[in-house]
Q: 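Below: one structure in structure tokens.
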Amino acid sequence: MYNLIRKDFILQKYLMLFYLFIAIFYTMTDMSMGLVITVLSVFFTINSHYYDEKGKNNVLINSLPFSRKQIIASKYIGVLIFLFITTLIIWLIRFICQDIVSHSMTRGSITELLISYAIAILFVSFYFPFFYRFPNRILLSGFSILVIMMVALGKTIVSRFGNVMSDFINGIQTFASQFSTTGLYISAFVITILIFSSSWFLTLKIYENKDF
């Protein structure tokens, strides 16, 4: 399984420079650390699937001594590893930029990180089953373009819909204030893990029934 995970990172070795550029650029503008982590994780997830479809790598991989369970597990575990590495790198970039750009630059709270992790994991949970079930390149290309536009227009989207999002978040906070913080974290964690595990199981079943 190690080699399968390593394969996804090697296939994206040039894109890693692009990811690093995005991390540095948005960090320099003091954009939310959680947002940057979420966006980069989305990119990594999409491309890990895209390269397998593009080069018909699935045919080659299935001819090697790997079980389909290992192949799917490598996708899910690979995203979690990428999340962890990305967090460390962005923290390091922010630590350096604080001395160069702005001493008031925020490093991101634990809550912000947990929310970004939850969003990234939920994205993976819906993305993999859908695109393994419907391997349509048009859908994949369209989805990729949409994500790129969201990254490019991130500031504009935030400024245009900031008030709407603010009201929505305030509403959630008001509702959440009725419960204890610990209870909310535990509930969110359990729900996220259940969705992630269910997605993993569903994707495996879909992949086991595919013909290559």
Q: For L204, is there any backbone N or O sitting under 3.5 Å from a side-chain donor or acceptor partner on K69?
A: no
Q: Report whether I115 and V124 are members of the same hydrophobic cluster (ILVMFWY, side-chain heavy atoms less than 4.5 Å apart, transitive linking).
A: no
Q: Could you give the distance from CG (L15) to CD1 (I46), rounded to the nearest 0.5 Å?
A: 11.5 Å
Q: Would the distance check show the side chain of R68 and the main-chain N or O of Y207 forming a donor-acceptor pair, the cut-off being under 3.5 Å?
A: yes
Q: May I have the list of side-chain donor-acceptor pairs in residues 80-88 shorter than 3.5 Å, sequence neighbours left out?
A:
from	atom 1	to	atom 2	distance (Å)
T86	OG1	F82	O	2.7
T87	OG1	L83	O	2.8
T87	OG1	Y117	OH	2.5

Q: For the atom pair CG (L114) and CZ (F189), what is the distance rounded to the nearest 0.5 Å?
A: 10.0 Å
Q: Of all heavy-atom pairs between A23 and I90, which one has the smallest distance, and what is that distance?
A: CB-CG1, 4.1 Å
Q: When you group the ILVMFWY residues by side-chain heavy-atom contacts below 4.5 Å and let the links chain together, are I119 and F44 in the same group?
A: no
Q: Pair T45, F128 - check side-chain contact (heavy atoms from CB on, under 4.5 Å), show working.
A: CA-CA 8 Å; T45 302; F128 278 141; 3.8 Å; yes
Q: Do V79 and I121 come close enough that some side-chain heavy atom pair is under 4.5 Å?
A: no
Q: Within the structure provided, determine whether L64 and N3 are in side-chain contact (heavy-atom separation under 4.5 Å).
A: no
Q: Run the side chain to side chain contact (heavy atoms under 4.5 Å, CB included) test against S197 and tell me which residues pass, sequence neighbours left out.
A: I193
Q: Side-chain heavy atoms under 4.5 angstrom apart, residues restricted to Ile, Leu, Val, Met, Phe, Trp, Tyr: same cluster for M16 and F25?
A: yes
Q: Can you tell which of Y127, Y132, Y76 makes a side chain to side chain donor-acceptor pair (under 3.5 Å) with T203?
A: Y76
Q: Among the clusters formed by ILVMFWY side chains lying less than 4.5 Å apart, do I37 and F18 turn up in the same one?
A: yes
Q: In terms of the angle between their ring planes, are F196 and W200 parallel, tilted or perpendicular, with boundaries placed at 30° and 60°?
A: perpendicular
Q: Show every side-chain hydrogen bond (donor to acceptor under 3.5 Å, both in side chains) that has at least one partner inside residues 9-18, sequence neighbours left out.
A: Q12-Y19
Q: Can you list the steps and then say if W91 with L113 is a side-chain contact (heavy atoms from CB on, under 4.5 Å)?
A: CA-CA 11 Å; W91 245 333; L113 286 179; 3.5 Å; yes
Q: Testing the basics here: between S125 and S199, what is the closest heavy-atom pair and its distance to 0.1 Å?
A: O-OG, 2.6 Å
Q: Could you measure the distance from the OG atom of S116 to the CG atom of L35? Nearest 0.5 Å is fine.
A: 9.0 Å
Q: Just checking F130 against F126, ring centres under 6.0 Å apart?
A: no
Q: Does the side chain of I72 come within less than 4.5 Å of E208's, by heavy atoms?
A: no
Q: Would you say I77 ends up clustered with F131 if hydrophobic residues are merged whenever their side chains have heavy atoms under 4.5 Å apart, either directly or through other cluster members?
A: yes
Q: Could you go through the side-chain contact (heavy atoms from CB on, under 4.5 Å) check for L4 and F66 one step at a time?
A: CA-CA 9 Å; L4 289 171; F66 296 115; 3.9 Å; yes
Q: I need the minimum non-hydrogen distance between I5 and G78, along with the two atoms involved.
A: CG2-CA, 4.1 Å
Q: What distance separates L20 CG from L40 CG, expressed to the nearest 0.5 Å?
A: 9.5 Å
Q: Has Q70 got a side-chain atom pairing as donor or acceptor with S67's backbone, closer than 3.5 angstrom?
A: yes
Q: What is the distance from atom CD1 of I191 to atom CD1 of I186, rounded to the nearest 0.5 Å?
A: 12.0 Å
